[in-house]
Amino acid sequence: MTAPATPETTGTTSPAASREAGDHSVNATFDVETVRVAGYDVPVVSANTVIVGTGSAGFCAADRLWEFGQEDVVMVADKVNAGSSRNAGSDKQTYYKMTLSGGDGDSVREMAETLFSGGAMDGDNALCEAALSARGFLRLCELGVPFPQNRYGEFIGYKTDHDPRRRATSVGPYTSRSMVEQLEKKVHRNGTRIYDQCRVVDVVTRDMVGAAGAAGAASAAGAADAAGAGPAAVTDGAPDSATSEVVGLLCLRTDVVHDGTESPFVLFRARNLVYATGGPAGMYATSVFPNGQWGASGAAYRAGVHGKNLTEWQFGLASTKPRWNVSGTYMQVMPRFVSTDADGGDEREFLSETVPDYGRQLSMIFLKGYQWPFDIRKALDGSSLIDLLVYQETVLRGRKVYLDFTRNPVQAELDASKISPEAHAYLERGGALFGTPIERLKHMNMPSYELYLGKNPYVDLEKDWLEVDVCAQHNNGGLVVDAWWQSNVAGFFPVGEAGGAHGIYRPGGAALNSGQVGATRAAQFIAVRRTEEPVDLVSFRDVAAPLVESAAALVARAAGRAAAGEPDNTGELLRATSALMSEKAGPVRSAQSITEALAQVTAWLAAYDDLVVADPSSRRSVNRTFLVRDILTTQYVYLSAMADYVDHGGRSRGSVLYTDASGHLPQVGFGDDPQAELDLPEIFRFALDGGALDGVVQEASWTGTESAYRGGAGEVLGTAEEVGSEQEGLRAAESRRRAGTCDFTWRPVRPIPEDDDFFENVWRSYRENRNIV
């Protein structure tokens, strides 16, 4: 790594540099202390806690901290109005909480057991999510989220997937948006500073004295020791296993042009980071994550934060233009599934090729409304076979798939006598046993029809086909968290989808509850146990300067290649990396496809500093320079986790099919020989995990080397196709060294804690420390 120039602290910035960060910044100014690094006067914003992300979890954390008395908080966002919470949804977006109506029996313990039963789920997280579910939910109601209640004040619920009770509720397609809007209003009233247009580059950390194995932990770029900053003593509020602690954050200001006039970088000096960056959506091209949701998990892995259950994603049918889940009523009205070639010709109702029985086909389509996520347990002879047939059309055959609501499947008129009793009863109760799918949709759920009229691009389901695919929808795994949502790095709290609080399966809507609970738990802990001021400016400068130097050097090299005439490739890399993941490591994976994807990602990551070409006059290109690196780092860790899972004997589970020659192809499922295998590609042959690994959790860590940040001699290292020869094998090994090392541990799940319900004991300890220990 290039040795950093000696940084100097200065006073406040000049008036020209003290303007607001962006259109959506609130109470935010860069008229703050600065450090002189890499030729820039880099602003340093200081606070006890920095919250990264402005979704429902991030705003909840900010408000909770304020309510708990910690007002020294700032928020940071890439784009305040982007992200999943504000822009994602479904036919009826669900919020999951403990039952608050009727005579149904329910309890904290029972809800915790439901969550825990998802497999590979830590019991303390499950118990917290159950115990705080009512508190978080009612808080949202008080803020103005209009969850429906009956005339007696009961919050009526319904059953969702993986839910034995009626714990689900909803305010319609945009439940999470309503949550964000109300939480945001409260945070604005609190006066919390919000810095918009700030792309996360690196998490700044330092070693801790007295922690086990502290000698090996360093900053995100492996440069804390090189900078000469002394390690910190282990303090109260640090996890027992922590070997490093957060001291701040480095961001790229995406509103600043790289012309030397103003620092394009900003540093945040903090005691704590609440990381509410959302799931790593940029990993996949075929995705229902909203445009503008990327995640920033790569920076966390670079800083030494561990991952958990990274193999576990949720995939499902969604429209791609625009991006939206096609669950619920969209499936229950039984639209026609059509595929065409790339040019729109050769129209086929492809489901009939595999499911020729009229009644069975329509009944399976109907069930996708209830059973929306791709579930490998339902792929052998159930509704998730539809997901595989769509995947076959789009990925294996290169065709396009559409939902056609203008015509009934197979035949012109609906024959309701042929569909399953469940589908018949539901549609009859809704008065929808008539007409075409669009007529049934408008009768049963007019808002679902109207929603697409207001989308970009505009789709009128009354006349337009809706393009769909099997899309990445949610990452059940993520960054490791303890019972207070603190990671293995002291002061780093991943909340919302960034945190790996879920197991293999989870009830629908559990993610929204988890985000509120995790944010609340993190805020409680910070407000009581981590109240100290940030590290002093000089010590912070010593640790942060190498990261700023490295970031500036990356941009300079990328810009130099552009100046030499090479075309900007940031957009191409962004598309290529995500397309690779969707093709090789999406809902259908194999040991071979994972190996191929990992080889290519390793090559890209190892050579990245000498591969990326960016036009410095384009703020988007410079932004993408760091975005692509973050995505590649995340993909490298995730693909390595998938490979380790297969090596560990992992088989198909959750929302993923792992090709297995010893397994079975999906079956006919009815008639004289229901167990006969369907005529499908061998890639769909699988064997169920059967819960074999439900009791353990895979944790992942990434360790970089100096050359992990710089490629060699400007050349792109071997691709997946070139690894065969001895020479290319050596080059591949060098790629792996430069890309960094991933290590994995498999540990037992933490059990659900036993009840401590003797009031006098709880009351005594609560008076002593609020039971925040």
Legend entry - S655 side chain to F374 backbone, donor-acceptor under 3.5 Å: yes
Inset, instruction - Considering non-hydrogen atoms only, spot the tightest contact between D255 and Q197 and give its length. - result: CB-OE1, 3.1 Å
Inset, instruction - Check whether more than 12 heavy atoms from other residues, nucleotides or ligands sit under 6.0 Å from atom CZ of R620, and answer yes or no. - result: no
Legend entry - CD/E566: more than 12 non-hydrogen atoms of other groups inside 6.0 Å: yes
Legend entry - Heavy-atom donor-acceptor pair, K584 side chain to A597 backbone, under 3.5 Å: no
Legend entry - Main-chain N/O of C471 paired to D469 side chain as donor or acceptor, under 3.5 Å: no
Inset, instruction - Please confirm whether the backbone N or O of A641 pairs with a side-chain atom of Q698, one donor and one acceptor, at under 3.5 Å? - result: yes
Legend entry - Y638/Y284 aromatic ring centres below 6.0 Å: no
Inset, instruction - Over 60° means perpendicular and under 30° means parallel, so classify the ring planes of Y452 and Y330, tilted if in between. - result: perpendicular
Legend entry - Backbone N/O of A300 and side chain of W702: donor-acceptor pair under 3.5 Å: no
Legend entry - Side-chain donor/acceptor of S582 to backbone N/O of A285, under 3.5 Å: yes
Legend entry - Qualifying residue, where the test is ring-ring contact (aromatic ring centres under 6.0 Å, His included) with Y658 and the options are Y645, F686, F684: Y645
Inset, instruction - Assess whether salt bridge (charged side-chain N to carboxylate O under 4.0 Å, His left out) is satisfied between K368 and D387, documenting all intermediate values. - result: CA-CA 9 Å; K368 287 304 299 177; D387 300 83; 2.6 Å; yes
Inset, instruction - Determine the minimum heavy-atom distance between V180 and G55, stating which atoms define it. - result: CG2-C, 3.9 Å
Legend entry - Lys/Arg N to Asp/Glu carboxylate O, D568 vs R624, below 4.0 Å: no
Inset, instruction - May I ask you to decide if G83's main-chain N or O and N87's side chain share a donor-acceptor pair within less than 3.5 Å? - result: yes
Inset, instruction - Could you tell me how the ring of F289 sits relative to the ring of W313: parallel (under 30°), tilted (30 to 60°) or perpendicular (over 60°)? - result: perpendicular
Legend entry - Side chain to side chain, V201 and R629, heavy atoms closer than 4.5 Å: yes
Legend entry - Minimum heavy-atom distance between A379 and L388, given as atom pair plus value: CB-CD1, 4.0 Å
Inset, instruction - Could you grab the distance from atom NZ of K455 to atom CH2 of W324, nearest 0.5 Å is fine? - result: 4.5 Å
Legend entry - Contact check, side chains of Q635 and M581, non-hydrogen atoms, under 4.5 Å: yes
Inset, instruction - Would you confirm whether S384, through its side chain, and D375, through its main-chain N or O, come within 3.5 Å as a donor-acceptor pair? - result: yes
Legend entry - Side-chain heavy atoms of T625 within contact of L554, under 4.5 Å: yes
Legend entry - Heavy-atom side-chain contact between F265 and L252 under 4.5 Å: yes
Legend entry - Check: V42 and Y40 side chains under 4.5 Å, non-hydrogen atoms: yes
Legend entry - Side-chain heavy atoms of H502 within contact of N309, under 4.5 Å: no
Inset, instruction - Compare every heavy atom of R561 with every heavy atom of V612, then report the nearest pair and how far apart it is. - result: O-NH2, 2.8 Å
Inset, instruction - Indicate the atoms forming the closest heavy-atom contact of I376 with S652, along with that distance. - result: CG1-CB, 3.7 Å
Inset, instruction - State yes or no: are the ring centers of Y301 and Y636 separated by less than 6.0 Å? - result: no
Legend entry - Student check: side-chain heavy atoms of I683 and S590 closer than 4.5 Å: no
Legend entry - Backbone N/O of G279 and side chain of Q293: donor-acceptor pair under 3.5 Å: yes
Inset, instruction - State the CG-CZ distance between N623 and R199, to the nearest 0.5 angstrom. - result: 4.5 Å
Inset, instruction - Kindly say whether D346 contributes a backbone atom to a donor-acceptor pair with the side chain of R399 at under 3.5 angstrom? - result: yes
Inset, instruction - Mind checking the CG-CZ spacing from L680 to R685? Nearest 0.5 Å is all I need. - result: 10.0 Å
Inset, instruction - Find the distance between CD1 (I51) and OG1 (T277) and round it off to the nearest 0.5 Å. - result: 13.0 Å
Legend entry - Distance (rounded to the nearest 0.5 Å) between L249 CG and T205 OG1: 11.5 Å
Inset, instruction - For residues L605 and T633, determine if any side-chain heavy atom of one lies less than 4.5 Å from a side-chain heavy atom of the other. - result: yes
Legend entry - Distance in Å, N325 CG paired with W372 CH2, rounded so as to fall on 0.5 Å steps: 4.0 Å
